[in-house]
Q: 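Once you've had a glance at the structure underneath, I'll fire off some questions.
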Protein chains: 2
Amino acid sequence: MTVGIRHDDLRRRNRAMVIGAVRRAGQPSRTEIAGTTALSHSTISAIASDLIGEGVLVEQKSVEAAALKRGRPQVAIALNPRAGTVVAIVLSLNSLTGTLIDYSGQTIASETRRFATQVLPRNDLIGETLAIVRRLVERGRDEAPRVMRIVLAIQGITDSGARTLLWSPIMPHTDIGFADLLEGATGIPVTVENDCNMMAVSLRWRHQRRYRDNFIALLLSHGIGMGLVLRGEVFTGTRSSGAEFGHMIHRPGGALCRCGRQGCVEAYAGSYAIWRNAMRLPEDSQPAADIPDEEMARLAEKARAGDGPEREAFRKAGAALGFGLGSVFALFDPAPVAMVGHGASAFDLMEGAIREAIAQTAGGQHSNAISFDIDTDEMRLIREGCAMRALTFVDDEIFAPGSDSQAAQGRIVA
Amino acid sequence: MTVGIRHDDLRRRNRAMVIGAVRRAGQPSRTEIAGTTALSHSTISAIASDLIGEGVLVEQKSVEAAALKRGRPQVAIALNPRAGTVVAIVLSLNSLTGTLIDYSGQTIASETRRFATQVLPRNDLIGETLAIVRRLVERGRDEAPRVMRIVLAIQGITDSGARTLLWSPIMPHTDIGFADLLEGATGIPVTVENDCNMMAVSLRWRHQRRYRDNFIALLLSHGIGMGLVLRGEVFTGTRSSGAEFGHMIHRPGGALCRCGRQGCVEAYAGSYAIWRNAMRLPEDSQPAADIPDEEMARLAEKARAGDGPEREAFRKAGAALGFGLGSVFALFDPAPVAMVGHGASAFDLMEGAIREAIAQTAGGQHSNAISFDIDTDEMRLIREGCAMRALTFVDDEIFAPGSDSQAAQGRIVA
DNA sequence: AGGCTTTATTTCGAGCCTCGAAAAAAATAA
DNA sequence: TTATTTTTTTCGAGGCTCGAAATAAAGCCT
């Protein structure tokens with residue numbers, strides 16, 4: 001039910017806003033903050049001195065940024081790196097990466113383990129995850145301020161509370177309650193997030209102009225994933241985690257998908273689907289478990305070299321993506337799209353078909369106006385997004401705590 | 001940019017909340033309001049007495065609701081009908097309806113005009129609209145408090161500012177700046193809204209339990225429309241007005257749609273499409289301009305009577321709707337669906353195919369859990385939603401005015 | 001060098017707002 | 001009539017933000 005604003009919420013929200021402004025702007029002055037937040041200078045001054053007193057923010061004696069202007073120079077304010085740390089864990093196919101990050105976002109330590117996720121027993125997988133978390137938290141205890149938050153990014157579907165991995169394509173196990181497990185072991189709050197959503201979070205921080213209120217991050221790799229930002233918030237469903245774009249139906253009764261259904265977008269645009277078509281295998285043949293990036297690069301080269309089944313395979317992939325995007329654009333309006341992952345390196349082979357397909361759909365009027373960006377390194381984006389998600393949780397929940405904060409309701413404001 | 005909460009926002013927001021609580025609850029007591037809003041009794045008391053003093057609310061001396069409990073009886077608070085009025089205009093195929101509504105939501109006067117929207121010249125259409133508005137506003141001036149808001153609901157696409165009708169299937173004219181026109185003529189603030197969105201607003205008010213945070217209102221008539229409520233807000237695109245569900249692509253390159261494209265959901269599920277299939281006309285034949293409801297009822301009867309092209313036509317419509325809904329459910333999670341409009345009276349003929357199609361899509365795990373309601377009277381819903389939209393604008397903008405209100409940003413909180 | 005100008009930040013009192021406790025009001029029960 | 005119960009109002013207290021004024025810290029100018 002609608003809830004009123006209580007008097008003590010006021011300060012809390014404004015504190016959160018000041019912290020947020022500093023995180024976004026990097027090293028703003030008090031005057032700058034007052035400008036962006038529409039609060040008075042006196043208020044900003046009061047809140048800033050509180051936060052500095054608490055060790056959340058620090059004044060930056062930046063001699064280098066010597067103002068060339070007249071007048072008292074502005075004092076830059078920055079996040080205090082020693083205010084706390086967070087741990088970001090990324091679990092993806094055959095690899096597990098953990099990173100310890102200070103409050104200002106700098107990496108303190110990082111560690112990667114490789115193992116076959118597809119065959120690793122359930123308890124070993126959980127054990128590996130727990131161990132990497134433990135090592136990082138331990139390291140935090142020795143060398144750095146305490147760990148205040150852990151976020152796991154996993155390819156797959158999580159529950160709406162971001163506590164349990166319900167299903168993942170990278171392993172046979174289901175319903176792993178990572179949040180409870182790790183919280184139990186460490187006493188640190190944990191959430192489990194979808195990898196594509198973290199990509200979107202990262203893009204939003206990296207390119208604040210282009211990716212702000214509405215955009216799409218599309219992961220093109222073995223499978224197809226989507227992170228959707230609407231009105232400045234990562235869109236997560238009410239029961240589960242993310243936009244299952246890859247499993248929208250492109251052609252009813254069509255090609256066999258990894259998920260067992262037929263005609264999904266992924267069954268045309270995933271690596272395995274492109275490979276299957278390039279090999280002239282029937283559309284209902286069982287999807288391959290994994291196609292090496294090198295093999296896909298080879299197919300792309302062949303497709304670029306001349307017409308043939310390879311080129312046709314990429315064209316079909318483009319058409320599936322285009323019709324899928326067209327459906328998304330029919331519901332919202334066209335928005336910028338970031339193509340992420342190794343599959344995006346073949347974007348040149350798909351762009352024509354994508355635009356052609358979009359042009360045939362309701363959102364198609366602006367087909368040419370839609371901009372696509374390419375970023376083939378999905379891991380970096382996921383890691384960064386994961387870290388930002390953890391840090392903004394600390395911003396909102398720890399340093400500006402309160403009952404009705406958005407993060408507490410599971411919303412991700414990126 | 002993120003904006004801070006200023007001190008004066010506080011009162012304004014809490015005022016808006018009290019007004020909203022009264023509108024939702026009907027005749028709550030102060031204690032009841034305090035309960036739902038989490039504000040203290042003293043605050044509610046203060047705000048309520050302000051609003052009563054301003055004539056926005058009134059105490060209801062309801063002798064009938066005599067409390068059977070001990071203790072001082074609660075005094076019911078209600079919206080003051082005489083606090084103001086609004087005008088709701090619904091423009092749909094061949095009919096124009098205007099309604100004058102008092103602040104408590106009671107209809108004071110209503111008027112309907114019939115003319116052929118498909119052929120009426122642009123200026124005549126505008127003239128008719130202006131005339132009906134003028135008559136109602138004039139009537140308001142004589143018998144009732146002043147008109148504070150006008151909302152038009154039109155089948156079609158509006159701009160994101162809700163000021164201009166960009167395109168509508170019920171008439172050949174485009175880009176009619178209704179808001180500017182009517183504001184210029186009356187001096188009363190105006191918005192132009194999509195009819196399906198108003199259906200959703202109305203459903204949200206009528207069935208507060210079932211339709212609250214996430215649901216879909218699907219208009220089944222000559223065309224197919226959708227009103228989408230996500231997180232308690234009617235979802236409107238960034239550039240235009242509504243979810244173009246009817247023009248999501250069901251089968252790439254498929255049946256000819258009224259919009260000129262091929263394979264849209266509407267090209268299978270709109271009345272004209274069902275009729276075309278029932279008549280065994282080719283899928284690429286030109287859509288009929290209008291199919292009378294009686295004719296559709298006749299087809300439905302035939303379909304119920306036994307197998308044949310009619311039954312097959314409804315089955316195809318169901319499949320298209322089902323796959324479309326499946327795509328929507330792939331992006332969000334499954335949500336309750338209200339089937340609205342005359343087409344919904346044949347829901348029994350489509351339900352099987354709808355559920356079957358949904359079961360083949362990503363959201364399909366819960367296919368059986370998805371509940372469908374039927375409401376064949378779309379006009380009533382549109383009218384009501386339109387009125388509520390206008391009234392809540394008055395609640396938020398006039399009686400609790402401020403710069404950063406959600407309504408001012410074009411959001412519809414229903 | 002020293003005063004002037006400009007810009008940033010802090011200080012301070014005023015004005016609101018919400019809250020909790022206590023008082024007042026209005027009914028029923030005994 | 002008195003006690004009890006429940007609702008509503010009243011009344012400081014404490015907080016918060018705001019605007020104005022004061023203070024701080026530079027560059028500019030003579």
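Letters go in sequence order (proteins before strands), and every chain restarts at 1.
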Q: If you find the nucleotide of DNA chain C closest to Thr31(A) and the one closest to Ala46(B), which residue's nucleotide is nearer the 5' end?
A: Thr31(A)

Q: Considering only side-chain heavy atoms of Arg70(A), which listed nucleotide, dT9(D), dC28(D), dC19(C), is closest?
A: dC28(D)

Q: Measure NE2/His41(B) against P/dC17(C) and give the value in whole Å, please.
A: 20 Å

Q: Would Arg12(B) and Phe399(B) count as a cation-pi pair here, with the cationic atom under 6.0 angstrom from the ring centre and within 45° of the axis?
A: no

Q: Where the side chain of Gln74(A) is concerned, which of dT6(C), dA8(C), dT7(D) is the nearest nucleotide?
A: dA8(C)

Q: The side chain of Leu10(A) lies closest to which of these nucleotides: dA26(C), dT17(D), dA8(C)?
A: dT17(D)

Q: Strictly under 3.5 Å: I want the nitrogen or oxygen pairs between protein and nucleotides 11-14 of chain D, one per line.
A:
unit_1  : atom_1 : unit_2  : atom_2 : d
dG14(D) : N2     : His7(A) : ND1    : 3.3

Q: Rounded to the nearest Å, what distance is computed from the CZ atom of residue Arg30(B) to the P atom of nucleotide dT10(D)?
A: 10 Å

Q: Got a sec, which residues hit side chain to side chain contact (heavy atoms under 4.5 Å, CB included) with Val75(B), two or more places apart in sequence or on another chain?
A: Arg30(B), Glu59(B)

Q: List for me each residue that meets side-chain hydrogen bond (donor to acceptor under 3.5 Å, both in side chains) alongside Arg383(B), sequence neighbours excluded, and say none if there are none.
A: none

Q: Between the side chains of Ser45(A) and Ser42(A), does any donor sit under 3.5 Å from an acceptor?
A: no

Q: Of all residues at least two apart in sequence or in a different chain, which pass the side-chain hydrogen bond (donor to acceptor under 3.5 Å, both in side chains) check with Thr107(B)?
A: none

Q: If you assign each of Arg11(A) and Gly71(A) to its closest nucleotide in DNA chain D, which residue comes earlier from the 5' end?
A: Arg11(A)

Q: Starting at CZ of Arg15(A) and ending at C1' of dT17(D), how long is that distance when rounded to a whole Å?
A: 16 Å

Q: Can a side chain N or O of Ser45(B) be found less than 4.0 Å away from OP1 or OP2 on dT9(D)?
A: yes

Q: Please enumerate all residues that pass side chain to side chain contact (heavy atoms under 4.5 Å, CB included) together with Asn80(B), with sequence neighbours excluded.
A: Val58(B), Arg82(B), Ala83(B)

Q: Considering residues at least two apart in sequence or located in another chain, which fulfil the side chain to side chain contact (heavy atoms under 4.5 Å, CB included) criterion with Ser49(B)?
A: none

Q: How close or far is atom P of dT9(C) from atom CG of Leu39(A), stated in whole angstroms?
A: 15 Å

Q: Rounded to whole angstrom units, what separation is found between the CD1 atom of Ile33(A) and the C1' atom of dT9(C)?
A: 12 Å

Q: Just how far, in rounded Å, is C1' of dC17(C) from CD1 of Ile44(B)?
A: 13 Å

Q: How many whole angstroms separate atom CG of Asp9(A) from atom P of dG15(D)?
A: 15 Å

Q: Whole Å only: how far is the CG atom of Asp50(B) from the C1' atom of dC17(C)?
A: 11 Å

Q: Taking 4.0 Å as the cut-off, does a side-chain nitrogen or oxygen of Asn14(B) come that near to OP1 or OP2 on dC17(C)?
A: no

Q: Report yes or no: is there a donor-acceptor pair, N or O only, under 3.5 Å between the side chain of Arg72(B) and the base of dA26(C)?
A: no

Q: Would you say a side-chain N or O of Arg6(A) is under 4.0 Å from OP1 or OP2 of dG15(D)?
A: no

Q: Tell me which of Ile5(B) and Glu32(B) sits closer to the 5' end of DNA chain D, going by the nucleotide each one is nearest to.
A: Glu32(B)

Q: Establish, yes or no, whether the cationic atom of Arg231(B) lies under 6.0 Å from the six-membered ring centre of Phe332(B) and within 45° of the ring axis.
A: no

Q: Quick one: is dG19(D) close enough that its OP1 or OP2 comes under 4.0 Å of any side-chain N or O from Ser40(A)?
A: no

